Trainee: 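The structure's right below; bear with me while I get my questions together.
Position 1 is the first residue of the sequence; numbering continues from there. Only heavy atoms go into these numbers, but all of them, side chains included; no hydrogens, no water, no symmetry mates. The shown structure was predicted, so the numbers you read here are calculated from the model rather than taken from an experiment.
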Amino acid sequence: MGPTALDVRPGSERRTPPDDFADDVLIEMANLDEQDTNVPGTIFVSTALGSNGPRVKWYPDRAGRDLPCLIVSIGADPKVRDDFLPKGASRLARPRVIAWVRLNHVALLRFWTDGASWNRREVTAFLDGLVPMPK
């Protein structure tokens, strides 16, 4: 089987996303798959992490610390901040990731800002309250 548009194997041309975990920080995070969001791939959500402001990361398959991803800002009008995937790989996912963030931006911003102090029940309630995209 030959390479595909989502080819992220070693040796494929790619830029590396920043390592938000380089410094020791207290965070909460979750990897949300298609069952959670109705968006193919995985959306990584977290509390405040790094210095780049509120954002989520989308991965075409499973999330990974050093895997290429699409970065989308969290807000009422989300924007693509950066795309570390091979050219064209995120084209189909972009509108669905942006729409999902727009749908959940209030909860995502609250989690980003306050979630590191939440207990397990509060984190679970947040995750359970996220709204998936219509199928």
Side-chain angles (χ1 to χ4, degrees):
M1 180 181 240
T4 67
L6 298 179
D7 187 6
V8 291
R9 294 177 295 181
S12 63
E13 187 177 316
R14 70 179 192 192
R15 295 183 312 134
T16 304
D19 185 358
D20 290 325
F21 295 102
D23 297 319
D24 288 339
V25 292
L26 178 63
I27 67 154
E28 292 287 341
M29 53 74 59
N31 291 316
L32 306 173
D33 64 16
E34 189 170 2
Q35 283 188 311
D36 299 309
T37 64
N38 286 337
V39 176
T42 301
I43 297 177
F44 169 89
V45 300
S46 74
T47 57
L49 183 61
S51 60
N52 296 313
R55 65 199 177 282
V56 301
K57 296 179 180 182
W58 176 82
Y59 298 84
D61 191 30
R62 296 181 69 88
R65 186 171 169 174
D66 61 351
L67 293 177
C69 61
L70 174 72
I71 300 175
V72 175
S73 64
I74 298 173
D77 186 23
K79 304 262 189 267
V80 171
R81 284 232 188 117
D82 215 334
D83 189 344
F84 295 95
L85 292 160
K87 189 173 184 174
S90 62
R91 184 177 46 85
L92 294 175
R94 278 179 186 220
R96 290 199 53 86
V97 174
I98 289 169
W100 183 84
V101 171
R102 184 178 296 116
L103 186 63
N104 291 286
H105 77 275
V106 172
L108 291 167
L109 282 172
R110 187 164 170 255
F111 183 61
W112 178 270
T113 304
D114 303 325
S117 66
W118 293 356
N119 63 41
R120 182 189 56 79
R121 287 171 303 286
E122 291 169 311
V123 172
T124 299
F126 157 72
L127 293 171
D128 289 346
L130 292 172
V131 179
M133 289 293 296
K135 288 190 177 193

Trainee: In terms of hydrophobic clusters joined by side-chain contacts under 4.5 Å, are Val80 and Trp100 together?
Mentor: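 Yes, one cluster joins them.
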Trainee: What's the shortest heavy-atom distance between Ala107 and Leu130, and which atoms?
Mentor: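 Heavy atoms of Ala107 and Leu130 come nearest at CB-CD2, 4.1 Å.
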Trainee: Work out which heavy atom in Thr47 is nearest to a heavy atom in Ala116; give both atom names and the distance.
Mentor: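 Nearest heavy atoms, Thr47 then Ala116: CG2-N, 3.3 Å.
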Trainee: In Å, rounded to the nearest 0.5 Å, how long is the span from NZ of Lys57 to CG of Asn31?
Mentor: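 Nearest 0.5 Å value for the NZ-CG distance: 11.0 Å.
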Trainee: Which residue is it: Leu67, Ile71, Asp66? I am looking for the one with a side chain to side chain contact (heavy atoms under 4.5 Å, CB included) to Cys69.
Mentor: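 The option that passes is Ile71.
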Trainee: For residues 67-84, which residue pairs pass the side chain to side chain donor-acceptor pair (under 3.5 Å) check, not counting sequence neighbours?
Mentor: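 For residues 67-84: Arg15-Asp82, Asp77-Lys79, Asp83-Ser90, Asp83-Arg94.
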Trainee: Enter the distance from Ile74:CD1 to Trp112:CH2 here, rounded to the nearest 0.5 Å.
Mentor: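 Here the rounded value is 6.5 Å.
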Trainee: Kindly give the heavy-atom pair with the smallest separation between Leu109 and Gly75, and that separation in Å.
Mentor: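 Leu109 and Gly75 have their closest heavy atoms at CD1-CA, 4.4 Å.
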Trainee: Which donor-acceptor pairs under 3.5 Å do side chains of residues 35-42 form with protein atoms, sequence neighbours excluded?
Mentor:
| residue | atom | partner | partner atom | Å |
| --- | --- | --- | --- | --- |
| Asp36 | OD2 | Asp33 | N | 3.2 |
| Thr37 | OG1 | Asp33 | O | 3.3 |
| Thr37 | OG1 | Val39 | N | 3.0 |
| Thr37 | OG1 | Val39 | O | 3.4 |
| Asn38 | ND2 | Met133 | O | 2.6 |
| Thr42 | OG1 | Asp61 | O | 2.5 |

Trainee: Return the set of residues passing ring pair (Phe, Tyr, Trp, His ring centres under 6.0 Å) with Tyr59 (not counting sequence neighbours), or none when no residue passes.
Mentor: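 Scan of Tyr59 (ring pair (Phe, Tyr, Trp, His ring centres under 6.0 Å), adjacent residues dropped) gives none.
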Trainee: Output the distance between atom CG (Leu103) and atom CZ (Arg96), rounded to the nearest 0.5 Å.
Mentor: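 Answer for the CG-CZ pair, Leu103 versus Arg96, is 10.5 Å.
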Trainee: Parallel under 30°, tilted from 30 to 60°, perpendicular over 60°: which one fits the rings of Trp118 and Phe111?
Mentor: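 Ring orientation, 0 to 90° scale: tilted.
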Trainee: What is the distance from atom CD of Glu122 to atom CG of Leu127, rounded to the nearest 0.5 Å?
Mentor: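 Nearest 0.5 Å value for the CD-CG distance: 12.0 Å.
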Trainee: Who are the side chain to side chain contact (heavy atoms under 4.5 Å, CB included) partners of Leu92, not counting sequence neighbours?
Mentor: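 Partners of Leu92 under the side chain to side chain contact (heavy atoms under 4.5 Å, CB included) test: none.
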Trainee: Please check if Val131 and Val72 belong to a single hydrophobic cluster, counting links between Ile, Leu, Val, Met, Phe, Trp and Tyr side chain heavy atoms closer than 4.5 Å.
Mentor: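 Same cluster.
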Trainee: Out of curiosity, Leu108 CG to Arg55 CZ, how far, rounded to the nearest 0.5 Å?
Mentor: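 One gets 13.0 Å once the value is rounded to the nearest 0.5 Å.
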Trainee: In Å and rounded to the nearest 0.5 Å, what is the CG to CZ distance from Leu70 to Phe84?
Mentor: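 Going from CG on Leu70 over to CZ on Phe84, the span is 10.0 Å.
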Trainee: Strictly by side chain to side chain donor-acceptor pair (under 3.5 Å), give each pair with a member in residues 123-135 just once, sequence neighbours left out.
Mentor: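 Matches after skipping sequence neighbours: none remain.
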